[in-house]
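Let me begin by presenting the structure, written as structure tokens, before commenting on it.
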Amino acid sequence: MKLTITETALEKIQALQDETHRYLVLFYDTVGIGCKVNGIPTVRLAQEPRARDIEVESDTIPALIDQEQEVFFAEEVKLDFSNNVFRLSSKEGYLNALIPQTHLTQKDFIEKKTEASRGDSC
């Protein structure tokens, strides 16, 4: 898997980064959506890799993805920043066109807790 980060997105990420946010993590957010195969591709910043993280090829920032979530992303992914939001896309189209800046520093993916919902059994 390869991640390309545009210059505009890189500048915005670097403005959000500090010493505790060394990695960019591709994350498939399923919280509150129902079935665990339904989710929204997004990004987060992290201090260190989690147990199941694998490296994503990136020329700018060290990038990671949970090995079980890799299937939800395209082989080549681009992260851009436009109109005050991050945009995650592939050559097939947008994966998520509205990622607020505040999402990058959320820690919800670190200790993922499963929510009990009707969709958990699908």
What verdict does the side-chain contact (heavy atoms from CB on, under 4.5 Å) test give for L3 and L24, after you've listed the backbone C-alpha separation in whole Å, the side-chain angles of each residue and the deciding distance to 0.1 Å?
CA-CA 10 Å; L3 173 65; L24 185 71; 3.7 Å; yes

Identify the heavy atoms of [X] and [Y] that sit nearest to each other, and give their distance.
X: E70; Y: I54; result: OE1-CD1, 3.4 Å
X: H21; Y: L16; result: ND1-O, 4.4 Å
X: R44; Y: H103; result: CD-O, 2.8 Å
X: P41; Y: L95; result: CD-O, 3.6 Å
X: V56; Y: K2; result: CG1-C, 4.2 Å

Is there a side-chain contact between [X] and [Y] (heavy atoms, below 4.5 Å)?
X: T6; Y: K78; result: yes
X: S89; Y: V77; result: no
X: Y23; Y: Q47; result: no
X: P49; Y: L64; result: yes

Hey, what's the ring geometry for F73 with Y28, parallel, tilted or perpendicular (30° and 60° as the breaks)?
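Perpendicular: the ring planes of F73 and Y28 meet at over 60°.
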
Inter-residue atom distance F27.CZ - R50.CZ, 0.5 Å rounding:
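Spacing of CZ (F27) from CZ (R50) equals 7.0 Å.
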
What's the spacing between L88 CG and L98 CG if we round to 0.5 Å?
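Answer rounded to 0.5 Å: 11.5 Å.
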
Run the side-chain hydrogen bond (donor to acceptor under 3.5 Å, both in side chains) test against D66 and tell me which residues pass, sequence neighbours left out.
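So D66 forms a side-chain hydrogen bond (donor to acceptor under 3.5 Å, both in side chains) with R52.
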
Under the side-chain contact (heavy atoms from CB on, under 4.5 Å) rule, what do L79 and I13 come out as? Steps first, then yes or no, please.
CA-CA 10 Å; L79 182 63; I13 291 167; 3.7 Å; yes

Could you walk me through whether S82 and T8 pass side-chain contact (heavy atoms from CB on, under 4.5 Å), step by step?
CA-CA 8 Å; S82 177; T8 307; over 6 Å; no

Going by side chain to side chain contact (heavy atoms under 4.5 Å, CB included), name the residues that satisfy it together with [X], two or more places apart in sequence or in a different chain.
X: E11; result: E7
X: N83; result: R87
X: Q14; result: L10, Q17
X: E75; result: M1

Do D29 and T42 pair up side chain to side chain, a donor and an acceptor below 3.5 Å, judged on atom types alone?
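There is no such pair (donor and acceptor under 3.5 Å, judged by atom type) between the side chains of D29 and T42.
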
Is a donor from one side chain sitting under 3.5 angstrom from an acceptor on the other, for N84 and Q101?
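There is such a pair (donor and acceptor under 3.5 Å, judged by atom type) between the side chains of N84 and Q101.
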
side-chain contact (heavy atoms from CB on, under 4.5 Å) evaluation trace for I99 with V43
CA-CA 8 Å; I99 305 170; V43 291; 4.3 Å; yes

Counting only heavy atoms not in D18 (residues, nucleotides, ligands), do more than 12 fall under 6.0 Å from its CG?
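Yes, enclosed.
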
With F81 via ring-ring contact (aromatic ring centres under 6.0 Å, His included) - residues at least two apart:
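Applying ring-ring contact (aromatic ring centres under 6.0 Å, His included) to F81 gives F86.
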
